[in-house]
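Worksheet for the structure shown next.
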Amino acid sequence: MAWQGIQGHDEVVEGFRRSLKHGRLASTFLFAGPEGVGKRTFAFKLAQTLLCQTQPAERLDPCGHCTGCVQVLARTHPDLLEVSRPKDRSMIPVELLIGSGERRMHEGLCHAISLKPFMGGRRIAIIDDADYLNEEGANCLLKTLEEPPPRSVMILIGTSAEKQLPTIRSRSQLIRFRPLDEETLAGLAVEEGLAGDIDQARRLARHAEGSLGRARELAEPALWSFRRQLLEQLSAPRLNSVALARSIAAFVDEAGKEAPARRARGRQLVRFALDYYRGLCTRASGVVEESDAELDRAIASGAQRSSLDGEAAAQCADRCLDALDHIDRNANQAAWLECWVDDLAQCSR
């Protein structure tokens with residue numbers, strides 16, 4: 001049965017239950033796993049467990065009704081601290097960790113977590129987007145990680161341990177969150193109304209790579225309509241980079257004025273292209289894998305009509321991975337898009 005409505009992470013739950021039962025809860029955790037699998041939800045539910053005023057923490061069963069539980073849910077608990085990357089910044093600002101100007105080292109998360117708990121329990125800090133801690137930011141955390149304040153717990157949330165600097169990895173207990181399996185993800189898609197039936201939900205699950213967050217993004221019908229056009233252009237005998245860049249730019253802009261929405265749409269389109277080039281690589285090696293009918297047709301057509309061999313397809317796949325990294329780092333939309341499409345065209349010649 002899912003813990004507190006969080007599915008797919010029973011092993012993580014049991015690990016925390018054993019630690020709390022034996023009084024061996026670490027002071028710093030690194031939650032690592034794919035985006036959209038429930039790491040952030042789990043972190044706040046764990047905080048609610050540790051700050052619950054009526055239930056012992058070792059039961060891992062917050063009441064949900066006491067003042068502590070309600071305040072955690074509302075993100076207003078005085079002993080719950082949260083830092084995340086601002087939408088308009090490429091990294092977590094150092095000022096959020098140690099303050100700025102004359103208030104440096106007298107405000108920010110590192111100062112706040114050193115204070116005594118206001119409500120007599122613990123101080124809990126959650127650092128979302130830990131992938132976006134630069135070297136200066138990670139070093140700011142060093143003293144707090146080496147000498148954690150009494151009754152404090154710090155949770156860093158990222159996509160992989162490899163993206164964290166050594167100063168973070170070596171001082172954190174790594175908790176790995178696995179991608180959700182397709183059946184679990186399909187069930188969640190139906191529950192949330194992301195798909196009209198189980199077949200549509202399974203299609204979303206196949207392409208979501210174990211991420212409910214990505215399944216939510218993929219639920220947009222217009223995305224699949226454009227995917228068809230994208231695959232047709234990629235599998236053409238000659239890639240028209242100018243026309244492709246224009247059509248992608250227009251579709252990305254239709255996502256709205258907010259940069260996060262445009263980045264999310266751009267990321268999905270690049271991933272669609274990545275699926276195509278990976279399929280070509282697999283076919284070039286003599287293996288034919290079945291995905292969905294539309295993608296399979298595009299791969300078969302591209303293998304026959306385009307000049308891409310296995311090595312060139314691999315180069316295109318690598319270029320897609322670079323584009324995803326550029327999007328995550330808030331690169332200028334026109335810059336990453338035009339360079340990406342142009343490089344795909346160059347590899348296809």
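The figures that follow rest on heavy atoms only: side chains count, while hydrogens, waters and symmetry mates do not. For the single chain, residues carry numbers from 1 onward in sequence order.
- Within the 4.5 Å cutoff, no side-chain heavy atoms of Trp3 are placed close to those of Asp61.
- Distance alone, capped at 3.5 Å, is enough to place a donor-acceptor pair between the Ser211 side chain and the Glu35 backbone.
- Side-chain polar atoms of Gln333 and Asp253 form a donor-acceptor pair below 3.5 angstrom.
- Hydrophobic side-chain contacts under 4.5 Å tie Leu141 into a cluster, directly or through other members, with Leu30, Leu81, Val83, Met91, Ile92, Val94, Leu96, Leu97, Ile98, Met105, Leu109, Ile113, Ile127, Tyr132, Leu133, Leu145, Met154, Leu156, Ile168, Leu174.
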Would Glu146 and Arg171 satisfy salt bridge (charged side-chain N to carboxylate O under 4.0 Å, His left out), going step by step from the backbone distance to the final call?
CA-CA 7 Å; Glu146 288 182 334; Arg171 294 167 175 81; 2.9 Å; yes
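- A perpendicular orientation is assigned to the rings of Phe177 and His9, their planes being inclined by more than 60° (bins at 30° and 60°).
- Two residues are said to be in side-chain contact when any heavy atoms from C-beta on lie closer than 4.5 Å; His111 and Arg103 fail this criterion.
- By the 4.5 Å heavy-atom criterion applied to side chains, Arg151 and Lys116 are not counted as neighbours.
- Of the possible polar contacts, one joining the Arg169 side chain to the Gln164 backbone as a donor-acceptor pair under 3.5 Å is found.
- Gln346 CD: more than 12 foreign heavy atoms inside a 6.0 Å radius.
- Side-chain contact between Asp199 and Arg202: present, with at least one pair of heavy atoms (C-beta onward) separated by less than 4.5 Å.
- Side-chain atoms of Val13 and Phe42, non-hydrogen and from C-beta on, do get closer than 4.5 Å to each other.
- Put simply, the side chain of Arg214 never gets that close to the backbone of Gly36: no donor and acceptor are under 3.5 Å apart.
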Where do Asp128 and Lys39 land on the salt bridge (charged side-chain N to carboxylate O under 4.0 Å, His left out) test, with the steps shown first?
CA-CA 10 Å; Asp128 204 356; Lys39 303 186 299 296; over 6 Å; no
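- Under the 4.5 Å side-chain criterion, counting only non-hydrogen atoms from C-beta, Thr167 is not in contact with Glu135.
- The aromatic rings of Phe272 and Trp224 lie tilted to each other, with the angle between the two planes from 30° to 60°.
- Remark: the backbone N or O of Gly33 is not paired with any side-chain donor or acceptor of Arg176 at under 3.5 angstrom.
- When side chains are defined from C-beta on, Phe44 counts as touching Leu80, because their heavy atoms get closer than 4.5 Å.
- Judged purely by distance below 3.5 Å, without hydrogens or angles, the side chains of Ser90 and Asn330 never pair a donor atom with an acceptor atom.
- Remark: side-chain polar atoms of Ser285 are paired, donor with acceptor, to backbone N or O of Thr282 under 3.5 angstrom.
- The number of heavy-atom neighbours closer than 6.0 Å to CD of Glu192, taken from other residues, nucleotides and ligands shown, is above 12.
- Between the side chain of Asp131 and the backbone N or O of Gly158, no donor-acceptor pair lies under 3.5 Å.
- Judged by distance alone, with hydrogens and angles left aside, the side-chain atoms of Arg18 form no donor-acceptor pair with the main-chain N or O of His22 at under 3.5 Å.
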